[in-house]
Structure formats: C-alpha cells, structure tokens
*Asks:* 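Here it is, the structure in full.
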Amino acid sequence: MSLPTPTLALAAVACLASGFAWAGPQLNSTYQADAFGPIELRSDGEHLVGTAPAGGPCQRPAAEPILTGDFQGNVFLGELTLCQTGDTCTPSRSFPVMLVYNVEERALGGVVKLEDDCESPALPKNRMLVLRATEQGAAVTPATAQAPEQRQVQAPAPPPPSGGAAQVAAQRRLEPLDVAATLKLGQSLLPNNPFGASQQFQLVLSQEKEKNNAWALTGMGVAYHLRKQQPEALKYLDQARSVGSGAARAEAFFWTACVKRAAQESAFAQAALKRALQEGWSPPEGNALVERELQQFANEGTLYEALVKQARGRKQRVQGRDPQGAGSSSP
C-alpha cells in the first residue's frame, strides 16, 4: 500500500528517530513532477545529485545540479535550488529540504519551504514536491496491488527513456505544436498572467525549429519585464533582436526601450525607442500593455516627447497575419 502524502514528513522523522542504519536507495534515472519538469538523479552510495536540463519553469540557461545531499535510510537531507516569484523575493536560491523516498511508488517527496509570500513556477500551490520515475507515469499503482487477471489484460508499460533528461526534452521538441495559436495564447495572457504567458512562449521555444522564434523570445522578455526581472528580460530581448527581422525586430527594440526606461537608463531607452521607430514599429491597435508603456514614456516629460508623438501618429497596422505584438489578442 502506498504511503499517503500527508504522512511523508512524519515518516521521515520516525525513520531518523528510530536509528535504523539503512543504506540509501540507488537512484540513477530520470524523475519528474508535473510543474517541476525532468531531473536526472544520480546517487553514489548515500550521496545524491540531481541535474536539471536547461530551460524548464525556472528558465535555466544551461543544465546544472539543483539538488544535492545525502540519504539517511530512505530520508534525503540536502538542498534544492529553485526560482521564486514575488515583489520582494530572491529570484533564485537554495533551500534546505527533507524528502522521503517511497520504494513502492519510486517517488521522492516532501514540502519545500520558500521565502515568505513567495511562489515558484516549479511547485504547486501547496509547495509539495513529488518526483516520480518517468517510466512510472504520473499515477503509479504498486505491482502488489494488482490481481493476476488484471496483470494479464493490462497494457504493457512504455519503455523507460534511455537518454535521461536530454531525451525527454528531445521528445517534447518533437511533439506537434500549433505555434501561431500558442503565441496567441501567450500574448493574451501577458497582461494578467505573465508567468502563464511565459509557459506558452517556452513551449514554442522548446520546439527544435522554433528555438529562435523572435516573437516567442520577445514574449519571454516582456513576461520578465512585467515581473520586474530586468536582467532576464534583457537576455531574451537581446536574443530576439539578434535573430528577428522586420516587425519582430522592431517589436524587440520597443520592449528593450521599455525595460531600459524602467531601469532608469534614459540614454539607452531613447536609443532603443528611436531604433524601434526606424525599424517600422507602430503601436498595435487595442494593445493595453503597449499603451501603458507609451504613457510611462510620456510621463517622463520632454525626455521622450518627440518619440512618443511620432509613435502615436503612425497608422495602426491592420494587415491580417502580422503579429500584433506582446499583449495583443491577435498575434
């Protein structure tokens, strides 16, 4: 019978208090949680290291170890590195964790205590992290609970991924995706749900043929800008400007100007806004986010007055298939 989730922490304390000298479980495969994404777990004796691939909900620039520590029996004590969201929250930091390994379910789980009033896109609202072996799937039924006749008619389980986290990521890139519809959804989410929007843009960027999609990169930059994470925003916008062309490049220059204005780097903001207009940028019709940013420029007084007047004086783009910019419901 599987261990009920609410008793995980109590079981951990009981195991430690009992003084059992169990050897730690040997974990050498890919584990995953719904929001958390894949992580490659490798144990050496009682020591465990978990390496997460690039990207994911925390937008890691490269694969890196994010879970490290040691087992005491089936109880893991160590540190977990996660991103956080919130006005006063550290964007990324390591947290002490106590996780319990459930042998029947091949699952490692426990509660992660974040900073007060902070959330992480890698965790559900209850902050319960449950990593399961990928070949087991999201809902695992222990083999001992199956009747013989059930085992005879049960469909065979899919083979475990042989390439670990890298292969999981590759398989996701091969999944068909309606890029235009995903971009449209991401752009419509930006005003009220920047994190949800970034998930949609990341879906586009995870596709092998779309890893340099300038609209998705700009969308990521805008999402981070709205979350007041300027360095991350500029990273994506810089990439969008370097790979984009035409309207996409102009859009990236406009949002670069917005980020620089928010950072009070007026000279850079003026130069980027001027470049956006030179590249042909004009305010998309009905785009509340863009209008808000233009008003922020206007509030600076004469500093951006001429550029804002030039932008607002341009005719709105109404061409059917042209993307309408971040925050628009019509990409």
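Both backbone and side-chain heavy atoms feed into the values below; hydrogens, waters and symmetry mates do not.
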*Asks:* Is any side-chain heavy atom of Leu48 less than 4.5 Å from a side-chain heavy atom of Tyr101?
*Replies:*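 They are not in side-chain contact.
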*Asks:* Could you measure the distance from the CZ atom of Phe195 to the CD atom of Gln202? Nearest 0.5 Å is fine.
*Replies:* 10.5 Å
*Asks:* Are there over 12 heavy-atom neighbours, none belonging to Gln295, within less than 6.0 Å of that residue's CD?
*Replies:*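 Atom CD in Gln295 is packed in, count exceeds 12.
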*Asks:* For the side chain of Asn193 and the backbone of Leu189, is there at least one donor-acceptor N/O pair under 3.5 Å apart?
*Replies:* no
*Asks:* Linking I/L/V/M/F/W/Y whenever their side-chain heavy atoms sit closer than 4.5 Å, directly or via other members, would Phe71 and Val49 fall into one cluster?
*Replies:* no
*Asks:* Look at the side chain of Glu115 and the backbone N and O of Thr90, then say whether any donor-acceptor pair between them is shorter than 3.5 Å.
*Replies:*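 Indeed, once roles are kept as given, a pair shorter than 3.5 Å links the two residues.
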*Asks:* Rounded to the nearest 0.5 Å, what separation is found between the CG atom of Leu108 and the OH atom of Tyr31?
*Replies:* 8.0 Å
*Asks:* Please check: side-chain N/O of Asp44 versus main-chain N/O of His47, any donor-acceptor pairing under 3.5 Å?
*Replies:*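 No, because the side chain of Asp44 does not come within donor-acceptor range (under 3.5 Å) of the backbone of His47.
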*Asks:* Over 60° means perpendicular and under 30° means parallel, so classify the ring planes of Tyr304 and Phe297, tilted if in between.
*Replies:*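 Phe297 and Tyr304: perpendicular rings.
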*Asks:* Any donor-acceptor pair under 3.5 Å linking the side-chain atoms of Glu232 with those of Gln59?
*Replies:*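 Their side chains do not contain a donor-acceptor pair, so the 3.5 Å distance test is not met.
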*Asks:* Report yes if some heavy atom in the side chain of Leu277 is under 4.5 Å from a heavy atom in the side chain of Leu307; otherwise report no.
*Replies:*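 They are in contact (side-chain heavy atoms under 4.5 Å apart), so the answer is yes.
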*Asks:* Can you tell me if Thr218 uses its side chain to pair, donor with acceptor, with the backbone of Trp215 under 3.5 Å?
*Replies:* no
*Asks:* Between Glu40 and Thr30, is there a side-chain donor-acceptor contact under 3.5 Å, judged purely by atom types and distance?
*Replies:*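 Looking only at side-chain atoms, Glu40 and Thr30 do form a donor-acceptor pair, the distance falling under 3.5 Å.
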*Asks:* If you look at every heavy atom in Val259 and Ala233, which pair is closest and at what distance?
*Replies:* CG2-CB, 4.1 Å
*Asks:* Hey, is NZ on Lys235 packed in by over 12 heavy atoms from elsewhere, all under 6.0 Å?
*Replies:* yes
*Asks:* Run the side chain to side chain contact (heavy atoms under 4.5 Å, CB included) test on Leu183 and Val204 for me, step by step, so that the C-alpha distance in whole Å, both residues' side-chain angles and the decisive distance to 0.1 Å come before the verdict.
*Replies:* CA-CA 7 Å; Leu183 285 174; Val204 174; 4.2 Å; yes
*Asks:* Determine yes or no for a side-chain-to-main-chain donor-acceptor pair under 3.5 angstrom, with Arg314 supplying the side chain and Trp281 the backbone.
*Replies:* yes
*Asks:* State, without any angle test, whether Ser94 and Thr81 hold a side-chain donor-acceptor pair at a distance under 3.5 Å.
*Replies:* yes
*Asks:* Does the side chain of Ser92 pick up a donor-acceptor pair with the side chain of Gln84 at under 3.5 Å?
*Replies:* no
*Asks:* Around atom CD of Glu300, are there more than 12 heavy atoms of other residues, nucleotides or ligands at under 6.0 Å?
*Replies:* yes
*Asks:* Has the side chain of Arg42 got a donor or acceptor atom that lies under 3.5 Å from a matching backbone atom of Asn28?
*Replies:*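 A pair under 3.5 Å: yes.
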*Asks:* Looking only at heavy atoms, what is the nearest atom pair of Arg261 and Ala269, with distance?
*Replies:*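 Here Arg261 and Ala269 meet closest at N-CB, 3.6 Å.
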*Asks:* Heavy atoms, side chains only, cut-off 4.5 Å: are Leu234 and Phe268 in contact?
*Replies:*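 No, side chains not in contact.
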*Asks:* With salt bridge (charged side-chain N to carboxylate O under 4.0 Å, His left out) as the test, would you mind laying out the steps for Glu291 and Arg312 before giving the verdict?
*Replies:* CA-CA 9 Å; Glu291 181 55 38; Arg312 284 178 166 164; 2.7 Å; yes
*Asks:* Is Lys309 paired with Glu305 through a side-chain N to carboxylate O contact shorter than 4.0 Å?
*Replies:* no
*Asks:* Hey, does the side chain of His225 reach the backbone of Gln230 with a donor-acceptor pair shorter than 3.5 angstrom?
*Replies:* no
*Asks:* Got a donor-acceptor contact below 3.5 angstrom from the Gln270 side chain to the Leu303 backbone?
*Replies:* yes
*Asks:* Quick one: does any side-chain atom of Ser43 pair with a main-chain N or O of Leu27 as donor and acceptor, under 3.5 Å?
*Replies:*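 Side chain of Ser43 to backbone of Leu27: a pair is present.
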*Asks:* Which heavy atom of Arg60 sits nearest to which heavy atom of Pro53, and what is that distance?
*Replies:* NE-O, 3.1 Å
*Asks:* With the 4.5 Å side-chain cut-off for hydrophobic clustering, are Phe253 and Leu217 part of the same group?
*Replies:* no
*Asks:* Looking only at side-chain N and O atoms, does Gln239 offer a donor or acceptor that is under 3.5 Å from a partner on Asn212?
*Replies:*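 Yes, because at least one side-chain N or O of Asn212 sits under 3.5 Å from a partner of the opposite role on Gln239.
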*Asks:* Any chance you could measure Leu177, atom CG, to Lys209, atom NZ, to the nearest 0.5 Å?
*Replies:*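 NZ of Lys209 is found 12.5 Å from CG of Leu177.
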*Asks:* Does a side chain donor of either Glu105 or Asn102 reach within less than 3.5 Å of an acceptor in the other side chain?
*Replies:* no
*Asks:* To the nearest 0.5 angstrom, please state how far the CZ atom of Phe254 sits from the OG atom of Ser282.
*Replies:* 10.5 Å
*Asks:* For the residue pair Arg241 / Thr256, report whether a side-chain donor-acceptor contact shorter than 3.5 Å exists.
*Replies:* yes
*Asks:* How many angstroms lie between atom OG1 of Thr182 and atom CD of Gln199, to the nearest 0.5 angstrom?
*Replies:* 12.5 Å
*Asks:* How far does CG of Leu114 sit from SG of Cys89, to the nearest 0.5 angstrom?
*Replies:* 8.5 Å
